[in-house]
Amino acid sequence: MRALILGLTVAFLAAGAAQARCPTAPDGASSNYVNNGTQRSICLQDELSNKTKQLEEQTRINSQLNTLQQQVQQQQFNQMMNKPKF
């Protein structure tokens with residue numbers, strides 16, 4: 001289970017790193033010098049949104065891993081306590 005979650009995490013983060021960066025290009029007078037700036041701002045907003053989603057997913061995965069680890073530790077503790085003592 002842990003290997004599956006770890007594999008999904010690595011794949012998810014690798015996909016984010018492969019995304020293209022937001023290019024910048026000079027605007028001309030015909031666009032009132034705002035078109036490329038607007039497009040770049042939208043692109044940066046999308047990158048920020050994607051990064052936020054990635055961090056949210058990573059936090060969720062980490063939380064699940066911690067929960068699983070606590071459950072395993074609790075089970076181990078319970079097994080130790082239930083062993084007959086001679």
Side-chain angles (χ1 to χ4, degrees):
M1 180 72 167
R2 182 176 274 185
L4 175 65
I5 293 174
L6 183 60
L8 290 173
T9 302
V10 170
F12 186 73
L13 292 176
Q19 292 178 352
R21 299 283 179 218
C22 299
T24 58
D27 283 318
S30 62
S31 68
N32 294 326
Y33 300 100
V34 295
N35 284 345
N36 286 332
T38 302
Q39 291 173 357
R40 186 164 193 278
S41 295
I42 291 170
C43 180
L44 290 171
Q45 178 68 30
D46 289 342
E47 280 190 4
L48 180 61
S49 175
N50 289 338
K51 185 65 175 176
T52 302
K53 288 176 186 175
Q54 287 175 352
L55 291 173
E56 181 180 300
E57 183 67 14
Q58 184 63 47
T59 301
R60 187 185 65 78
I61 289 170
N62 288 344
S63 175
Q64 288 179 342
L65 285 173
N66 287 336
T67 300
L68 289 172
Q69 186 177 19
Q70 288 175 356
Q71 289 173 349
V72 167
Q73 289 174 347
Q74 185 65 42
Q75 287 175 354
Q76 290 172 344
F77 178 77
N78 290 341
Q79 288 173 354
M80 283 178 36
M81 297 305 290
N82 291 333
K83 283 185 179 179
K85 297 178 181 174
F86 296 100

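Everything numeric here is computed off the predicted structure, so don't read it as measured data. Positions are given from 1, in the same order as the sequence printed here.
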### Query
Is any NZ, NE, NH1 or NH2 atom of the basic residue among Lys53 and Glu56 found under 4.0 Å from an Asp or Glu carboxylate oxygen of the other?
no

### Query
Would a 4.5 Å heavy-atom cut-off, applied to side chains only, mark Val72 and Leu68 as touching?
no

### Task
Give the intermediate values and the outcome of side-chain hydrogen bond (donor to acceptor under 3.5 Å, both in side chains) for residues Gln70 and Asn66.
CA-CA 6 Å; Gln70 288 175 356; Asn66 287 336; over 6 Å; no

### Query
Are side-chain heavy atoms of Gln54 and Lys51 found at a separation under 4.5 Å?
yes

### Query
Out of curiosity, Cys43 SG to Leu48 CG, how far, rounded to the nearest 0.5 Å?
11.5 Å

### Task
Identify which one of Met81, Gln74, Gln75 satisfies the side-chain contact (heavy atoms from CB on, under 4.5 Å) criterion when paired with Asn78.
Gln74

#### Entry: Thr67 side chain to Ser63 backbone, donor-acceptor under 3.5 Å
yes

### Message
Working note: Gln58 + Asn62, criterion side-chain hydrogen bond (donor to acceptor under 3.5 Å, both in side chains); need CA distance, chi angles, decisive distance, verdict.
### Response
CA-CA 6 Å; Gln58 184 63 47; Asn62 288 344; 2.9 Å; yes

